[in-house]
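Quick notes on the structure that follows.
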Amino acid sequence: MVLVLALGDLHVPHRAADLPPKFKSMLVPGKIQHIICTGNLCIKEIHDYLKTICPDLHIVRGEFDEDARYPESKTLTIGQFKLGLCHGHQVIPWGDLDSLAMLQRQLDVDILVTGHTHQFTAYKHEGGVVINPGSATGAYSSINQDVNPSFVLMDIDGLRVTIYVYELIDGEVKVDKIEFKKTSTTNSAP
Amino acid sequence: MAIPEEEVERARTQDPCTSNASPSQDHRFEKLRGVRWRINLGILPSSPSSTIDELRRVTADSRRRYAALRRRLLIDPHLPKKGTNSSDLTIDNPLSQNPDSTWGRFFRNAELEKTLDQDLSRLYPEHGSYFQSSGCQGMLRRILLLWCLKHPEIGYRQGMHELLAPLLYVLQVDVQYLTEVRSNYEDQFIDLFDELAFQERDSGAYDFDIKKVLDDSMEEEGDENGPPFGSTKKKKPKRFDELDTETQTAVLLSDAYGAEGELGIVLSDKFMEHDAYTMFDALMYGGSSLGSVSVANFFVYSAPNDSVTGLPPVIEASAALYHLLSLVDASLHSHLVELGVEPQYFALRWLRVLFGREFPLNNLLIVWDEIFSADNSEIERGVEADLGFEFRIISSPRGALVVGMAVSMILYLRSSLLATENATSSLKRLLNFPEDIDLSKVIEKAKSLQTLALEINAHRDLFPKASRKPMRGHSLSVDSISLGSSPVGIVPESYWEEKWRVLNSAEEEQRKKKAIQRPKAVKKSWSERVKQRLSRTESDPSPAEANKNGNKPSIRRSLLDDLSRQLGEKAIDPPEFPNPDTDIERSSTVSDSPSVDYEENNSDKGIGENQTDLPLSVPENESEEKSGTNIFREKKILSGTFQRLWRLGRNLSSEETSETKEAKPIDSEDGKTDSDSTAGNGDGLKNTAQSMLEQIQVIESVLELSSPENMTENGRLTVEEALRELRRLGNMLLSDM
C-alpha cells in the first residue's frame with residue numbers, strides 16, 4: 001500500500017502565499033511514501049517544505065520555476081505501475097487529452113501526471129490514466145481566474161490504484177475517489 | 001518454518017522436574033508441553049477427569065474468539081466497511097485526521113507494527129531458523145498487535161515478545177511431535193477405504209465382514225478413528241489400544257473427526273496462532289484474583305489503587321525479592337544493598353520476561369514448567385484480610401515461586417557477588433547469568449524458598465496498614481535531613497507513639513528469624529534505609545562487632561537474660577510509654593550535639609542507649625563520620641517492648657544516663673556514644689558487656705526451647721528484643737574504641 005502525493009502549480013510566492021491551512025494540516029509527514037510534483041513551485045522554500053513531508057520527491061520543471069535543474073519530464077515505477085511526470089506547458093493544446101495521450105505513449109507509462117491548467121482532471125484513456133492534480137494553492141492561471149485548490153493522493157496497491165482527489169471548495173475539503181485497475185503486470189523495459 | 005529435529009528432541013526429552021505430586025495434576029500430557037501449559041495457565045480444564053472431548057471443545061471456543069478478534073481488529077482499509085457508502089470520503093480518506101477513520105486506525109496499527117518489528121527482528125537469534133522465519137514472525141506480530149489493541153491501557157512494552165516466543169515454540173514442538181507420531185503411526189490417522197479388500201466376498205451380498213478382511217490382511221483395526229482399513233504398509237501397525245498412552249493421547253487430540261472437528265484438534269498447525277494468543281493472554285492476565293501473577297502488571301508504571309505500599313507492582317515485587325533474600329541470606333543482601341544495587345535494576349528484566357533472558361531456551365522451558373505448575377490462585381487470607389499484603393506477588397504460590405526462583409538465582413551467584421566491589425560489576429554479574437548451571441538445583445532451592453515466602457506472607461497478615469505510611473514518611477524525611485553530615489535522627493513524638501501502638505508480632509518473628517540465621521554484620525548506607533524499610537530488613541551488628549563476636553556472645557547472652565526477665569514481667573500497655581518520653585525530653589535538653597535541624601522534638605540521643613528501635617539516623621550518621629563504626633539500622637515499629645528496653649537500658653547503666661546528660665559534641669556528634677566515651681569508665685563498659693551477655697543468653701535459651709519455626713509468641717518477642725539490645729550495646733562499645 002503505497003501512498004503517492006501528486007500536486008503542483010503552487011506559484012509561491014508570485015501568485016499565492018502558501019498552501020491552504022486545511023491542506024497543510026492534512027499533509028502530515030510519515031504517511032506518504034512518494035511525492036510527485038508537476039512543477040511551478042516556484043521557490044526553493046516550497047521544495048524544502050515538500051521534502052519534509054516525504055523525502056522521496058520527484059519534480060519536473062515548470063515555466064516559472066526558479067530552479068533550472070529540474071528535468072522536463074520524468075518517469076518512475078512504483079509497485080506495478082509506471083508513472084510519467086511532465087509539467088504540461090510543453091503539450092499543446094494545453095490540457096488536451098489526445099495530445100497528452102501522445103505524451104503518455106511516448107513515455108510509455110500507465111499513469112501520466114501533468115499540470116499547468118490549474119484544473120483537476122482525470123481521464124481513463126487507452127489502458128492508462130491521465131491525471132491533472134490542479135493547483136494546490138489555487139493560484140490563478142492564464143486561462144482561469146477562479147481556481148479551487150486541489151491535489152491528488154494515489155494509493156497504489158498491487159494492480160489497483162485508488163485515486164483520492166482533495167479539493168477545497170468554499171472553504172471545505174471535499175474528497176472524491178476514482179479506482180483504476182491495471183490489466184496486466186508491468187514488464188521490465190527491454 | 002520448522003524447528004530443527006534435534007531441537008525438538010531436546011525440548012521434549014528434557015523432562016521437567018515435575019515433582020508436583022499433587023493428585024490434581026493431570027498426568028496425561030506429560031510430554032506434550034503445549035497442552036500441559038495450557039492446562040496450567042487455565043485455558044484448558046485442569047481436572048484430570050476432563051475428557052479429551054472437553055479439551056477439544058474449550059480449545060475450539062478459544063480459537064473462535066481469537067479469530068473473531070482478528071477479523072475485527074486487523075484492518076484492511078481497502079475493504080469498505082459494511083454499511084458505509086463510499087461518499088463518506090471526507091472521513092475515510094488516507095489523509096484524514098479523523099481518528100475514527102479506518103485509515104487512521106490503519107496508520108496507528110502500522111506504527112505499532114513498526115515498534116513490534118524492531119523487537120521481533122532481534123528475537124532469539126540463536127534459534128533464528130524458527131523464530132526469524134517469516135511465518136513465525138508474522139504470527140508473533142499479529143498476536144502482539146491484537147493483544148495490544150485489545151488492551152490499550154498497557155499497549156506494547158518491550159519484553160512482551162520474549163514472553164510470547166517460548167509459548168509459540170512449545171506449541172510448535174508439540175505439532176512437530178505430532179507429525180512424527182503421524183509418520184510413525186500413519187494408519188491411525190488416515191482413513192483408507194480404497195484398499196479395503198473386497199476379495200472375500202463369498203455370497204454376492206455386500207456382506208462386508210470386517211473381521212474376515214482383517215483376518216486376511218492381518219492388519220490392525222482402528223476403532224474410534226474410523227472404519228477399519230486394510231493396509232499393505234511395510235510398517236507394523238498396531239492396534240489403537242496397543243499404542244502407548246502417549247501416542248494414544250496424541251492421536252485422540254488430533255483426530256479430525258473428534259469433538260468440534262478440525263477446530264478442536266488440540267495440537268494443530270493451523271491454529272497455533274490462536275492458541276498462542278490465548279496462552280499469552282492467560283499469562284498476562286493470570287488470574288482474576290488480586291494476588292495471582294499477572295505478568296501484565298509488571299509492565300504497568302503506576303501503582304494500582306489498592307496496593308499497600310503504593311508502588312508499581314514490579315517495584316513491589318523487586319522489594320519482595322530483596323526481602324526474601326534478606327531473610328535467607330542477610331549478608332549477601334546487605335552487601336548488595338550497600339553497593340547500591342537496587343533490586344529492580346535486575347529484577348525488572350527477570351520479572352517482566354519471567355527469566356526469559358537469563359536462561360537458554362531449553363532451560364527456560366523447564367523453569368516455566370515449574371512456574372506454571374504452581375497454582376496461581378490467591379492464598380486464603382485470614383480475617384484481617386482487609387489489611388492487604390504488603391507484597392502482592394507473594395500471595396499466590398506461583399508468585400512465591402517466581403520470587404523464590406529469583407532469590408535462588410541470586411544465591412547461586414553468591415560468591416561472585418560478594419566479591420564485587422561496586423554496583424556495576426554486581427549488576428553485570430546478575431544480568432549475565434551463566435549458561436551452564438545445574439538447573440535442577442536452582443529449581444529445588446527455588447521451591448524451598450517458595451514455601452518460605454508463602455510463610456512470610458501468612459504472617460504478614462496481622463500487620464496493619466497504618467504503620468507503613470508514617471514510617472515511610474519518616475524515613476524519607478530523616479533521609480533528607482541526614483544527608484548532611486550531622487546526625488539528626490530525631491524522631492517525632494508521634495512517631496514513637498505510633499510505633500508502639502502497633503502490634504508487631506509478625507515483625508518480630510521475622511526479625512528473629514533473620515537474626516538467628518545470620519550473625520554477620522554489614523554496613524549499610526543511608527540511602528538504603530528507605531529500601532530497608534520497604535523490604536523490612538533488619539539491621540545487623542556492624543562488622544566491627546562481628547569481629548569481636550568471639551568475646552561478645554557471652555555478653556550478649558547476659559543482656560538477653562536481663563531483657564527477658566524484664567519483658568516477662570509485664571505486658572505491653574500504653575501507660576508505660578510516657579516515661580520514655582519524659583526522659584527523652586530531659587536528655588534532649590541536655591545534649592546539644594546534634595545541633596542541626598531537628599524536625600522532631602525528641603532527640604535521638606536523648607532517648608538514651610535503649611533506642612534500639614530508633615531508625616537511628618544517629619547511628620547512621622555516626623557511621624558516616626567514623627567510617628568504621630557500625631550503624632543501627634533498626635527500623636521498625638515500636639511496641640511495648642520498646643519501653644522495656646528503654647527501662648532496661650536505664651537500669652543497666654544508671655551512670656550512663658548521667659553520662660548522657662553530659663554529652664559533648666564530638667566530631668561524631670553522637671550524644672549516646674559520646675556519653676559513653678566521655679564517661680569512659682570501665683564500669684559503664686563492663687555493664688554494657690554484661691548486658692550483652694545476658695541478652696545472648698536469653699536468645700540461646702529461647703532457641704533451645706524451640707526451633708525458629710515454632711517459637712511461641714513470648715519467645716519470639718524475647719529474642720527480638722534481646723537482639724536489638726545486643727546490637728545497640730555493641731554499637732555503643734564500638735564507638736567507644
Side-chain angles (χ1 to χ4, degrees), chain A residues 1-7 19-35 50 52-54 78-80 120 122 133 136 148-182, chain B residues 70-121 134-135 137-146 148-149 152 155-156 158:
Chain A
M1 183 133 36
V2 182
L3 290 179
V4 182
L5 176 68
L7 76 170
L19 285 159
K22 292 207 171 169
F23 279 1
K24 283 192 110 159
S25 70
M26 283 203 292
L27 294 175
V28 176
K31 290 187 183 173
I32 297 169
Q33 276 82 48
H34 306 276
I35 298 186
L50 290 177
T52 65
I53 300 176
C54 164
I78 296 176
Q80 298 290 336
F120 163 72
N148 285 325
S150 65
F151 67 89
V152 159
L153 182 72
M154 291 187 282
D155 176 12
I156 297 178
D157 192 18
L159 284 177
R160 193 183 53 181
V161 60
T162 311
I163 301 164
Y164 294 90
V165 181
Y166 295 79
E167 279 184 288
L168 192 70
I169 300 173
D170 296 332
E172 284 301 318
V173 177
K174 300 275 192 299
V175 188
D176 205 356
K177 187 164 84 162
I178 300 166
E179 300 239 357
F180 173 69
K181 244 198 211 54
K182 207 167 109 150
Chain B
R70 190 166 63 172
R71 256 181 237 142
R72 207 165 26 105
L73 291 181
L74 278 188
I75 302 161
D76 183 5
H78 295 293
L79 302 174
K81 284 196 286 209
K82 286 194 268 245
T84 48
N85 32 354
S86 46
S87 59
D88 197 10
L89 277 179
T90 34
I91 298 183
D92 259 343
N93 61 77
L95 294 180
S96 158
Q97 307 291 10
N98 192 325
D100 286 336
S101 71
T102 41
W103 280 96
R105 277 160 62 205
F106 170 77
F107 280 121
R108 277 195 294 277
N109 289 0
E111 282 287 323
L112 195 50
E113 279 193 29
K114 226 176 1 170
T115 331
L116 287 178
D117 276 339
Q118 271 176 349
D119 280 340
L120 285 176
S121 56
S134 59
Q137 290 258 311
M139 277 203 284
L140 291 171
R141 195 180 304 125
R142 270 196 302 277
I143 296 174
L144 286 170
L145 182 67
L146 288 176
C148 297
L149 288 177
Y156 175 73
Q158 192 181 38

List the residues meeting salt bridge (Lys or Arg N to Asp or Glu O under 4.0 Å) with K22(A), not counting sequence neighbours, and say none if there are none.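 Salt bridge (Lys or Arg N to Asp or Glu O under 4.0 Å) check on K22(A) returns E172(A).
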
Chain B contacts: which residues in residues 27-34 of chain A have a non-hydrogen atom closer than 4.5 Å to it?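 Expected list: L27(A), V28(A), K31(A), I32(A).
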
Using 0.5 Å steps for rounding, measure from the CG atom of L3(A) to the CH2 atom of W103(B).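 Those atoms lie 5.0 Å apart.
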
